[in-house]
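This report concerns only the one structure given below.
When a ligand or atom number is given, it counts from 1 through the structure's own listing order. Below, all heavy atoms of this structure are taken into account, side chains as well, without hydrogens, waters or symmetry copies. Source: prediction; values computed, not measured.
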Amino acid sequence: MSEVPWLVVPAAGRGRRMGADRPKQYLELQGRPVLAHTLARLYQAFPAARLCLCLDVDDRHFDPAWVPFADWRRVPGGAERVDSVTNALEAIAGTAGERDLVLVHDVARPCVTVDDLVRLHAALADDPVGGLLAAPAADTMKRDDGAGRVSATEPREGLWHALTPQGFRYGLLCRALREARARGLAVTDEASAVEALGQAPRLVAGRRDNLKITHPEDLGLAALVLAAQAASPSHHRGVDPSG
Ligand code: C5P
């Protein structure tokens, strides 16, 4: 039987780019908050996992009824995403073992499929570094000149979008985030902190519809993605033998 991972879900963002009346993880998607969808997907893939959910200390929208996991804890969010993740790792120090696998998944990605979650987990089982779901860049990439014009076309060969989850062993992830902080590095995902240690995380090709709800139009897109996935239940493959 494969190892049960720890799950860290940073959900303490304010989501200001959405311009909504509440943080984006509480906006309604098919009648339920984004956060409930995301946790349900993670639970389908890893029902026995232990969850650390990072929430703003002033969060007034959260309802524990949305958490399907039996073993979970609420952890205070930090100023930046990396601070929220660091708080979660500190909260399980002493309980988590150095070699335990920790999967970090943004609450703003409710469309991640069970199939991708299970494939990532399997791909990382014996990996000495860890890795992340990622999608190859499909569009031609432009760099701007800072004044709204193109200064260069960047070759897209070998370029990937970093998605989540990202999974690393507890000890390595703690060390990577600690050293990144000490060096003053800007860390927008776990992999970049591990890269700064000189390690090369594994890229696990994931679905392009694992989008991050960031801008107002993303909510409608996510609803379409969920409806399309429901009509084609392949994302349950490997989990529900009757599905
Ligand atoms: O804002 P953005 O979409 O980049 O945030 C990525 C993830 O990090 C979201 O799930 C958000 O809730 C979380 N976050 C957090 N603590 C912060 C900022 C963001 O947990 N201080």
Inspect the surroundings of CD in Glu80 and state if more than 12 heavy atoms from other residues, nucleotides or ligands are less than 6.0 Å away. no

Could you list the residues that satisfy side chain to side chain donor-acceptor pair (under 3.5 Å) with Arg181, not counting sequence neighbours? Asp83

Excluding sequence neighbours, so at least two apart, what forms side-chain contact (heavy atoms from CB on, under 4.5 Å) with Ala193? Ala176, Leu177, Ala180, Val187

Plane angle bin for Phe62 and Trp72 - parallel if under 30°, tilted between 30 and 60°, otherwise perpendicular: perpendicular

Could you go through residues 48-58 and list every donor-acceptor pair under 3.5 Å that involves a side-chain atom there, pairing it with any protein atom two or more places apart or in another chain?
from	atom 1	to	atom 2	distance (Å)
Asp56	OD1	Asp58	N	2.8
Asp56	OD2	Arg14	NE	2.8
Asp56	OD2	Arg14	NH2	2.6

Does the Arg17 side chain pair with the main chain of Thr214, one donor and one acceptor, at a distance under 3.5 Å? no

Residue by residue, ordered by chain and number, which ones reach under 4.0 Å of ligand 1 with a heavy atom? Pro10, Ala11, Ala12, Gly13, Arg17, Lys24, Gly78, Ala79, Glu80, Arg81, Ser84, Asp106, Val107, Ala108, Lys212

